[in-house]
There are 2 protein chains.
Amino acid sequence: MARPARVTPDRILAAAAFEFAAHGFAGARVDRIARRARVNKAMLYYYFRSKQALYHTLLRAVFTRAAERIEAIASGGGAAPDKIDRVVSTFAEFIRDHEFFPAIMLREVAEGGAHLDRQTLRALVSVPRAFFAILQEGAADGALRPVNPLVAYFAVLAPIVFYLAAGPIRREVTARRLMNLGALSADDFVRQLQDAVRRAFAQDVSARTRP
Amino acid sequence: MARPARVTPDRILAAAAFEFAAHGFAGARVDRIARRARVNKAMLYYYFRSKQALYHTLLRAVFTRAAERIEAIASGGGAAPDKIDRVVSTFAEFIRDHEFFPAIMLREVAEGGAHLDRQTLRALVSVPRAFFAILQEGAADGALRPVNPLVAYFAVLAPIVFYLAAGPIRREVTARRLMNLGALSADDFVRQLQDAVRRAFAQDVSARTRP
DNA sequence: GTCTATACCCTGATAGAC
DNA sequence: GTCTATCAGGGTATAGAC
(Lines give C-alpha, C1' and ligand atoms only; values in the text may rest on other atoms or scores of the structure.)
Protein backbone atom coordinates (compact mmCIF):
# COMPACT_ATOMS: atom_id res chain seq x y z
CA MET A 1 0.00 0.00 0.00
CA ALA A 2 1.78 3.05 -1.22
CA ARG A 3 1.81 5.95 1.15
CA PRO A 4 2.27 8.94 -1.14
CA ALA A 5 3.60 10.98 1.78
CA ARG A 6 6.64 8.69 1.84
CA VAL A 7 7.58 8.96 -1.78
CA THR A 8 9.02 12.47 -1.58
CA PRO A 9 11.45 11.89 1.30
CA ASP A 10 12.51 8.64 -0.34
CA ARG A 11 13.26 10.39 -3.59
CA ILE A 12 15.26 12.96 -1.66
CA LEU A 13 17.22 10.23 0.09
CA ALA A 14 17.98 8.50 -3.21
CA ALA A 15 19.18 11.74 -4.73
CA ALA A 16 21.23 12.50 -1.63
CA ALA A 17 22.89 9.10 -1.79
CA PHE A 18 23.98 9.80 -5.33
CA GLU A 19 25.24 13.29 -4.54
CA PHE A 20 27.06 12.42 -1.31
CA ALA A 21 28.71 9.43 -2.96
CA ALA A 22 29.92 11.54 -5.86
CA HIS A 23 31.12 14.57 -3.91
CA GLY A 24 31.31 13.76 -0.23
CA PHE A 25 29.54 15.68 2.50
CA ALA A 26 31.38 18.96 2.04
CA GLY A 27 31.32 18.78 -1.74
CA ALA A 28 27.65 17.85 -1.99
CA ARG A 29 25.28 20.63 -3.01
CA VAL A 30 21.80 20.80 -1.55
CA ASP A 31 20.61 22.48 -4.73
CA ARG A 32 21.75 19.52 -6.81
CA ILE A 33 20.09 17.03 -4.48
CA ALA A 34 16.82 18.93 -4.68
CA ARG A 35 16.99 19.21 -8.44
CA ARG A 36 17.81 15.52 -8.88
CA ALA A 37 14.94 14.58 -6.57
CA ARG A 38 12.69 16.98 -8.50
CA VAL A 39 11.59 18.73 -5.34
CA ASN A 40 11.92 22.30 -4.27
CA LYS A 41 14.85 23.06 -2.03
CA ALA A 42 12.53 24.37 0.68
CA MET A 43 10.74 21.04 0.52
CA LEU A 44 13.98 19.27 1.25
CA TYR A 45 14.50 21.38 4.36
CA TYR A 46 10.91 20.71 5.31
CA TYR A 47 11.50 16.97 5.50
CA PHE A 48 15.10 17.06 6.68
CA ARG A 49 16.20 19.84 8.98
CA SER A 50 19.61 20.36 7.49
CA LYS A 51 22.19 18.96 5.12
CA GLN A 52 23.79 17.21 8.10
CA ALA A 53 20.51 15.66 9.23
CA LEU A 54 19.89 14.41 5.71
CA TYR A 55 23.34 12.85 5.60
CA HIS A 56 22.93 11.24 9.01
CA THR A 57 19.57 9.79 8.05
CA LEU A 58 21.06 8.33 4.92
CA LEU A 59 24.04 6.79 6.68
CA ARG A 60 21.95 5.26 9.41
CA ALA A 61 19.59 3.66 6.90
CA VAL A 62 22.27 2.20 4.69
CA PHE A 63 24.56 0.87 7.41
CA THR A 64 21.62 -0.66 9.24
CA ARG A 65 20.48 -2.45 6.11
CA ALA A 66 23.98 -3.74 5.36
CA ALA A 67 24.42 -5.02 8.88
CA GLU A 68 21.13 -6.91 8.75
CA ARG A 69 22.24 -8.91 5.74
CA ILE A 70 25.54 -9.95 7.27
CA GLU A 71 23.95 -10.82 10.58
CA ALA A 72 21.48 -13.06 8.77
CA ILE A 73 24.37 -15.05 7.33
CA ALA A 74 26.15 -15.42 10.65
CA SER A 75 23.10 -16.68 12.48
CA GLY A 76 22.03 -18.91 9.59
CA GLY A 77 23.08 -22.48 8.86
CA GLY A 78 26.05 -23.93 7.02
CA ALA A 79 29.77 -24.47 7.51
CA ALA A 80 31.93 -21.46 8.35
CA PRO A 81 33.85 -21.36 5.04
CA ASP A 82 30.57 -21.40 3.16
CA LYS A 83 29.28 -18.59 5.32
CA ILE A 84 32.32 -16.55 4.41
CA ASP A 85 31.63 -17.22 0.76
CA ARG A 86 28.17 -15.92 1.36
CA VAL A 87 29.47 -12.81 3.10
CA VAL A 88 31.50 -12.02 0.01
CA SER A 89 28.66 -12.52 -2.45
CA THR A 90 26.09 -10.84 -0.23
CA PHE A 91 28.23 -7.77 0.17
CA ALA A 92 28.71 -7.55 -3.57
CA GLU A 93 25.00 -7.99 -4.04
CA PHE A 94 24.27 -5.30 -1.50
CA ILE A 95 26.50 -2.94 -3.44
CA ARG A 96 24.74 -3.81 -6.67
CA ASP A 97 21.51 -2.76 -4.96
CA HIS A 98 23.15 0.36 -3.49
CA GLU A 99 25.65 1.61 -6.04
CA PHE A 100 26.49 4.62 -3.93
CA PHE A 101 27.61 2.48 -1.01
CA PRO A 102 31.31 1.92 -1.74
CA ALA A 103 32.09 5.60 -2.26
CA ILE A 104 30.26 6.61 0.89
CA MET A 105 31.93 3.84 2.87
CA LEU A 106 35.38 4.88 1.66
CA ARG A 107 34.72 8.53 2.42
CA GLU A 108 33.41 7.78 5.87
CA VAL A 109 36.48 5.71 6.70
CA ALA A 110 38.71 8.49 5.39
CA GLU A 111 36.79 10.96 7.53
CA GLY A 112 37.48 8.86 10.62
CA GLY A 113 33.78 8.26 11.16
CA ALA A 114 33.16 11.93 11.89
CA HIS A 115 29.56 11.70 10.72
CA LEU A 116 28.68 8.48 12.52
CA ASP A 117 26.43 8.96 15.52
CA ARG A 118 26.22 6.26 18.13
CA GLN A 119 23.36 4.39 16.53
CA THR A 120 25.01 4.34 13.12
CA LEU A 121 28.31 3.27 14.59
CA ARG A 122 26.48 0.48 16.34
CA ALA A 123 25.09 -0.76 13.04
CA LEU A 124 28.50 -0.51 11.43
CA VAL A 125 30.10 -2.49 14.23
CA SER A 126 27.57 -5.28 14.00
CA VAL A 127 29.10 -6.23 10.64
CA PRO A 128 32.51 -7.22 12.04
CA ARG A 129 30.79 -8.64 15.09
CA ALA A 130 28.79 -11.06 12.95
CA PHE A 131 31.87 -11.84 10.90
CA PHE A 132 33.92 -12.59 14.01
CA ALA A 133 31.24 -15.02 15.17
CA ILE A 134 31.64 -16.94 11.92
CA LEU A 135 35.41 -17.05 12.38
CA GLN A 136 35.10 -18.29 15.92
CA GLU A 137 32.60 -20.95 14.99
CA GLY A 138 34.92 -22.11 12.19
CA ALA A 139 37.97 -22.14 14.42
CA ALA A 140 36.09 -24.13 17.06
CA ASP A 141 35.03 -26.91 14.72
CA GLY A 142 38.33 -26.90 12.82
CA ALA A 143 36.96 -25.70 9.50
CA LEU A 144 38.95 -22.47 9.62
CA ARG A 145 42.50 -21.78 10.66
CA PRO A 146 42.70 -19.67 13.81
CA VAL A 147 43.58 -16.21 12.51
CA ASN A 148 43.37 -12.71 13.82
CA PRO A 149 39.77 -11.68 13.17
CA LEU A 150 40.62 -8.14 12.12
CA VAL A 151 43.04 -9.39 9.49
CA ALA A 152 40.44 -11.75 8.10
CA TYR A 153 37.75 -9.10 8.19
CA PHE A 154 39.75 -6.60 6.19
CA ALA A 155 41.16 -9.24 3.87
CA VAL A 156 37.63 -10.26 2.94
CA LEU A 157 35.70 -7.00 2.80
CA ALA A 158 38.23 -4.36 1.77
CA PRO A 159 38.89 -5.87 -1.67
CA ILE A 160 35.19 -5.94 -2.53
CA VAL A 161 34.49 -2.38 -1.51
CA PHE A 162 37.68 -1.06 -3.04
CA TYR A 163 37.31 -2.94 -6.29
CA LEU A 164 33.73 -1.89 -6.84
CA ALA A 165 34.45 1.70 -5.81
CA ALA A 166 37.36 1.86 -8.24
CA GLY A 167 35.19 1.14 -11.27
CA PRO A 168 35.22 4.75 -12.51
CA ILE A 169 39.01 5.00 -12.26
CA ARG A 170 39.41 1.73 -14.16
CA ARG A 171 37.16 3.07 -16.88
CA GLU A 172 39.22 6.25 -17.03
CA VAL A 173 42.45 4.25 -17.25
CA THR A 174 41.01 2.14 -20.04
CA ALA A 175 39.62 5.13 -21.92
CA ARG A 176 43.00 6.85 -21.85
CA ARG A 177 44.67 3.62 -22.95
CA LEU A 178 47.08 3.81 -20.02
CA MET A 179 46.78 0.12 -19.34
CA ASN A 180 45.00 -2.91 -20.67
CA LEU A 181 42.79 -4.27 -17.91
CA GLY A 182 41.08 -7.35 -19.23
CA ALA A 183 37.37 -7.98 -18.80
CA LEU A 184 36.33 -9.02 -15.32
CA SER A 185 32.69 -8.99 -14.32
CA ALA A 186 31.66 -8.32 -10.75
CA ASP A 187 30.48 -11.93 -10.52
CA ASP A 188 33.84 -13.24 -11.67
CA PHE A 189 35.57 -11.02 -9.16
CA VAL A 190 33.38 -12.38 -6.40
CA ARG A 191 34.03 -16.00 -7.35
CA GLN A 192 37.77 -15.52 -7.51
CA LEU A 193 37.88 -13.61 -4.27
CA GLN A 194 35.89 -16.38 -2.59
CA ASP A 195 38.50 -18.79 -3.87
CA ALA A 196 41.41 -16.70 -2.58
CA VAL A 197 39.77 -16.19 0.79
CA ARG A 198 39.07 -19.90 1.17
CA ARG A 199 42.68 -20.75 0.46
CA ALA A 200 43.80 -18.09 2.90
CA PHE A 201 41.62 -19.04 5.82
CA ALA A 202 40.04 -22.48 5.44
CA GLN A 203 41.79 -25.39 7.10
CA ASP A 204 41.05 -27.72 4.21
CA VAL A 205 40.86 -25.92 0.90
CA SER A 206 39.73 -28.94 -1.06
CA ALA A 207 36.51 -29.09 0.91
CA ARG A 208 34.55 -27.13 -1.65
CA THR A 209 30.80 -27.20 -1.44
CA ARG A 210 29.84 -24.17 -3.41
CA PRO A 211 26.28 -24.32 -4.81
CA MET B 1 72.69 21.75 1.30
CA ALA B 2 69.53 23.37 2.49
CA ARG B 3 67.85 25.59 -0.01
CA PRO B 4 65.80 27.92 2.17
CA ALA B 5 63.60 28.83 -0.78
CA ARG B 6 62.30 25.26 -0.79
CA VAL B 7 61.35 25.01 2.81
CA THR B 8 58.25 27.18 2.60
CA PRO B 9 56.52 25.34 -0.27
CA ASP B 10 57.42 22.06 1.41
CA ARG B 11 55.83 23.15 4.65
CA ILE B 12 52.76 24.19 2.72
CA LEU B 13 52.61 20.79 1.00
CA ALA B 14 52.90 18.98 4.32
CA ALA B 15 50.12 21.05 5.81
CA ALA B 16 48.01 20.52 2.71
CA ALA B 17 48.49 16.76 2.94
CA PHE B 18 47.17 16.81 6.48
CA GLU B 19 44.21 19.01 5.63
CA PHE B 20 43.17 17.25 2.43
CA ALA B 21 43.42 13.86 4.13
CA ALA B 22 41.25 15.01 7.01
CA HIS B 23 38.58 16.85 5.04
CA GLY B 24 38.89 16.02 1.34
CA PHE B 25 39.32 18.55 -1.42
CA ALA B 26 35.99 20.30 -0.99
CA GLY B 27 36.14 20.23 2.80
CA ALA B 28 39.71 21.47 3.04
CA ARG B 29 40.16 25.11 3.99
CA VAL B 30 42.97 27.14 2.52
CA ASP B 31 43.07 29.25 5.67
CA ARG B 32 43.71 26.19 7.81
CA ILE B 33 46.46 24.97 5.50
CA ALA B 34 48.19 28.34 5.66
CA ARG B 35 47.87 28.54 9.42
CA ARG B 36 49.21 25.03 9.91
CA ALA B 37 52.13 25.77 7.59
CA ARG B 38 52.69 29.03 9.48
CA VAL B 39 52.66 31.06 6.29
CA ASN B 40 50.41 33.86 5.18
CA LYS B 41 47.56 32.84 2.91
CA ALA B 42 48.80 35.21 0.21
CA MET B 43 52.12 33.40 0.39
CA LEU B 44 50.38 30.12 -0.30
CA TYR B 45 48.81 31.58 -3.42
CA TYR B 46 52.19 32.98 -4.38
CA TYR B 47 53.72 29.49 -4.51
CA PHE B 48 50.64 27.61 -5.68
CA ARG B 49 48.24 29.28 -8.04
CA SER B 50 45.08 27.87 -6.52
CA LYS B 51 43.69 25.32 -4.12
CA GLN B 52 43.33 22.94 -7.07
CA ALA B 53 46.91 23.41 -8.20
CA LEU B 54 48.11 22.75 -4.66
CA TYR B 55 46.07 19.56 -4.50
CA HIS B 56 47.30 18.40 -7.89
CA THR B 57 50.91 19.03 -6.93
CA LEU B 58 50.46 17.04 -3.76
CA LEU B 59 48.79 14.10 -5.49
CA ARG B 60 51.41 13.93 -8.22
CA ALA B 61 54.25 13.91 -5.70
CA VAL B 62 52.79 11.25 -3.45
CA PHE B 63 51.60 8.85 -6.15
CA THR B 64 54.90 9.14 -7.98
CA ARG B 65 56.85 8.33 -4.84
CA ALA B 66 54.62 5.34 -4.04
CA ALA B 67 54.94 3.99 -7.56
CA GLU B 68 58.74 4.21 -7.42
CA ARG B 69 58.89 1.97 -4.38
CA ILE B 70 56.71 -0.73 -5.89
CA GLU B 71 58.53 -0.62 -9.21
CA ALA B 72 61.81 -1.13 -7.39
CA ILE B 73 60.49 -4.34 -5.89
CA ALA B 74 59.20 -5.67 -9.20
CA SER B 75 62.45 -5.07 -11.03
CA GLY B 76 64.57 -6.32 -8.13
CA GLY B 77 65.64 -9.86 -7.34
CA GLY B 78 63.94 -12.71 -5.49
CA ALA B 79 61.12 -15.18 -5.96
CA ALA B 80 57.67 -13.87 -6.83
CA PRO B 81 56.00 -14.81 -3.51
CA ASP B 82 58.76 -13.02 -1.64
CA LYS B 83 58.30 -9.97 -3.83
CA ILE B 84 54.64 -9.93 -2.93
CA ASP B 85 55.57 -10.08 0.74
CA ARG B 86 57.75 -7.08 0.10
CA VAL B 87 54.98 -5.20 -1.66
CA VAL B 88 52.83 -5.64 1.43
CA SER B 89 55.48 -4.48 3.87
CA THR B 90 56.72 -1.68 1.63
CA PHE B 91 53.25 -0.30 1.22
CA ALA B 92 52.71 -0.33 4.95
CA GLU B 93 56.06 1.35 5.42
CA PHE B 94 55.20 3.97 2.83
CA ILE B 95 52.03 4.74 4.75
CA ARG B 96 53.97 5.02 7.99
CA ASP B 97 56.09 7.65 6.25
CA HIS B 98 53.01 9.32 4.75
CA GLU B 99 50.24 9.03 7.30
CA PHE B 100 47.89 11.07 5.18
CA PHE B 101 48.14 8.64 2.28
CA PRO B 102 45.34 6.14 3.03
CA ALA B 103 42.68 8.80 3.51
CA ILE B 104 43.66 10.61 0.33
CA MET B 105 43.78 7.37 -1.61
CA LEU B 106 40.32 6.36 -0.38
CA ARG B 107 38.87 9.75 -1.18
CA GLU B 108 40.39 9.80 -4.63
CA VAL B 109 38.97 6.38 -5.43
CA ALA B 110 35.57 7.50 -4.15
CA GLU B 111 35.82 10.59 -6.32
CA GLY B 112 36.42 8.43 -9.39
CA GLY B 113 39.83 9.95 -9.93
CA ALA B 114 38.35 13.35 -10.71
CA HIS B 115 41.49 15.14 -9.54
CA LEU B 116 43.98 12.92 -11.31
CA ASP B 117 45.60 14.52 -14.33
CA ARG B 118 47.26 12.33 -16.93
CA GLN B 119 50.68 12.36 -15.32
CA THR B 120 49.32 11.46 -11.89
CA LEU B 121 47.15 8.73 -13.34
CA ARG B 122 50.21 7.39 -15.07
CA ALA B 123 52.05 7.15 -11.76
CA LEU B 124 49.06 5.51 -10.13
CA VAL B 125 48.82 2.94 -12.91
CA SER B 126 52.46 2.00 -12.65
CA VAL B 127 51.69 0.41 -9.27
CA PRO B 128 49.39 -2.31 -10.64
CA ARG B 129 51.61 -2.59 -13.71
CA ALA B 130 54.61 -3.49 -11.54
CA PHE B 131 52.45 -5.81 -9.48
CA PHE B 132 51.16 -7.59 -12.56
CA ALA B 133 54.72 -8.17 -13.71
CA ILE B 134 55.44 -9.96 -10.45
CA LEU B 135 52.35 -12.11 -10.88
CA GLN B 136 53.30 -13.04 -14.43
CA GLU B 137 56.84 -13.88 -13.45
CA GLY B 138 55.53 -16.09 -10.64
CA ALA B 139 53.00 -17.80 -12.86
CA ALA B 140 55.67 -18.46 -15.49
CA ASP B 141 58.06 -20.21 -13.11
CA GLY B 142 55.29 -21.96 -11.21
CA ALA B 143 55.79 -20.18 -7.91
CA LEU B 144 52.35 -18.56 -8.07
CA ARG B 145 49.01 -19.93 -9.11
CA PRO B 146 47.69 -18.32 -12.26
CA VAL B 147 45.05 -15.90 -11.01
CA ASN B 148 43.32 -12.87 -12.35
CA PRO B 149 45.77 -10.02 -11.72
CA LEU B 150 43.11 -7.51 -10.70
CA VAL B 151 41.76 -9.86 -8.06
CA ALA B 152 45.24 -10.41 -6.64
CA TYR B 153 46.03 -6.71 -6.77
CA PHE B 154 42.99 -5.70 -4.79
CA ALA B 155 43.24 -8.66 -2.44
CA VAL B 156 46.76 -7.56 -1.49
CA LEU B 157 46.58 -3.78 -1.40
CA ALA B 158 43.02 -2.95 -0.40
CA PRO B 159 43.28 -4.54 3.06
CA ILE B 160 46.41 -2.55 3.91
CA VAL B 161 45.05 0.80 2.85
CA PHE B 162 41.66 0.15 4.38
CA TYR B 163 42.97 -1.18 7.65
CA LEU B 164 45.38 1.68 8.17
CA ALA B 165 42.83 4.27 7.11
CA ALA B 166 40.30 2.83 9.54
CA GLY B 167 42.49 3.46 12.58
CA PRO B 168 40.48 6.47 13.77
CA ILE B 169 37.18 4.59 13.55
CA ARG B 170 38.63 1.65 15.47
CA ARG B 171 39.76 4.03 18.18
CA GLU B 172 36.29 5.55 18.29
CA VAL B 173 34.69 2.12 18.54
CA THR B 174 37.04 1.17 21.35
CA ALA B 175 36.57 4.46 23.19
CA ARG B 176 32.79 4.04 23.12
CA ARG B 177 33.16 0.42 24.25
CA LEU B 178 31.04 -0.77 21.34
CA MET B 179 33.31 -3.68 20.68
CA ASN B 180 36.45 -5.23 22.05
CA LEU B 181 39.06 -5.19 19.31
CA GLY B 182 42.20 -6.82 20.63
CA ALA B 183 45.64 -5.31 20.22
CA LEU B 184 47.10 -5.65 16.75
CA SER B 185 50.12 -3.63 15.73
CA ALA B 186 50.64 -2.52 12.15
CA ASP B 187 53.59 -4.89 11.95
CA ASP B 188 51.50 -7.82 13.11
CA PHE B 189 48.85 -6.94 10.59
CA VAL B 190 51.45 -6.90 7.84
CA ARG B 191 52.87 -10.28 8.84
CA GLN B 192 49.49 -11.94 9.00
CA LEU B 193 48.35 -10.42 5.74
CA GLN B 194 51.54 -11.67 4.08
CA ASP B 195 50.68 -15.09 5.40
CA ALA B 196 47.12 -14.97 4.10
CA VAL B 197 48.21 -13.68 0.71
CA ARG B 198 50.83 -16.40 0.37
CA ARG B 199 48.27 -19.08 1.08
CA ALA B 200 45.88 -17.49 -1.37
CA PHE B 201 48.24 -17.11 -4.30
CA ALA B 202 51.44 -19.12 -3.88
CA GLN B 203 51.59 -22.53 -5.50
CA ASP B 204 53.48 -24.03 -2.58
CA VAL B 205 52.63 -22.40 0.71
CA SER B 206 55.22 -24.28 2.69
CA ALA B 207 58.03 -22.65 0.72
CA ARG B 208 58.59 -19.92 3.28
CA THR B 209 61.78 -17.98 3.06
CA ARG B 210 60.92 -14.90 5.00
CA PRO B 211 63.98 -13.08 6.39
C1' DG C 1 2.67 20.79 1.47
C1' DT C 2 4.71 23.75 -2.10
C1' DC C 3 7.13 27.66 -4.01
C1' DT C 4 9.82 32.39 -4.57
C1' DA C 5 12.84 35.44 -2.97
C1' DT C 6 16.35 36.56 -0.09
C1' DA C 7 19.39 36.94 4.17
C1' DC C 8 23.72 36.02 5.57
C1' DC C 9 27.92 33.75 6.16
C1' DC C 10 31.90 31.50 4.59
C1' DT C 11 35.81 30.97 1.70
C1' DG C 12 38.78 31.21 -2.36
C1' DA C 13 41.28 34.59 -4.37
C1' DT C 14 43.59 39.23 -5.17
C1' DA C 15 45.09 44.16 -4.92
C1' DG C 16 48.52 46.80 -3.43
C1' DA C 17 51.74 48.56 0.20
C1' DC C 18 56.27 47.41 2.00
C1' DG D 1 59.03 37.58 -0.70
C1' DT D 2 55.75 39.00 2.92
C1' DC D 3 51.59 40.98 4.88
C1' DT D 4 46.79 43.45 5.54
C1' DA D 5 42.55 44.32 3.96
C1' DT D 6 38.93 43.25 1.17
C1' DC D 7 36.03 41.62 -2.59
C1' DA D 8 33.09 38.63 -5.20
C1' DG D 9 30.66 34.42 -5.58
C1' DG D 10 28.51 30.67 -4.07
C1' DG D 11 26.14 27.98 -0.52
C1' DT D 12 23.08 26.83 3.48
C1' DA D 13 19.12 28.01 5.39
C1' DT D 14 14.67 30.54 6.18
C1' DA D 15 10.71 33.87 5.89
C1' DG D 16 6.48 34.18 4.29
C1' DA D 17 2.87 33.90 0.59
C1' DC D 18 -0.29 30.52 -1.25
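Below, chain A is the first sequence line, B the second, and so on; all start at residue 1.
- Listed in residue order, the members of residues 11-24 of chain B having a heavy atom less than 4.0 Å from DNA chain D come to none.
- Counting to the nearest Å, the P atom of dG11(D) and the CG atom of Leu44(A) are 15 Å from each other.
- The minimum heavy-atom distance between Phe91(A) and Ile160(A), with the atom names listed, is CB-CD1, 4.1 Å.
- Residue Asn180(B) places its CG atom among 12 or fewer non-hydrogen atoms of other residues, nucleotides or ligands, all under 6.0 Å distant.
- Between Phe20(A) and Phe100(A), the ring centre distance reaches or exceeds 6.0 Å.
- Taking the ring axis of Phe63(B) as reference, the NZ or CZ atom of Arg122(B) does not stay both within 45° of it and closer than 6.0 Å to the ring centre.
- No salt bridge links Asp195(A) with Arg198(A); every basic N to acidic carboxylate O contact stays at or beyond 4.0 Å.
- In this pair, Phe162(B) and Phe154(A) present their aromatic rings tilted. The plane angle is within the 30 to 60° band.
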Q: Using a 4.0 Å heavy-atom cut-off, write out nucleotides 3-18 of chain C from 5' to 3' as B (base contacted by protein), S (sugar-phosphate only) or - (no contact).
A: BB------SBBB----
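- A salt bridge links Glu111(B) and Arg107(A); the closest N-O separation between the charged side-chain nitrogens and carboxylate oxygens is under 4.0 Å.
- Counting non-hydrogen atoms of other residues, nucleotides and ligands closer than 6.0 Å to CZ of Arg176(A) gives a total above 12.
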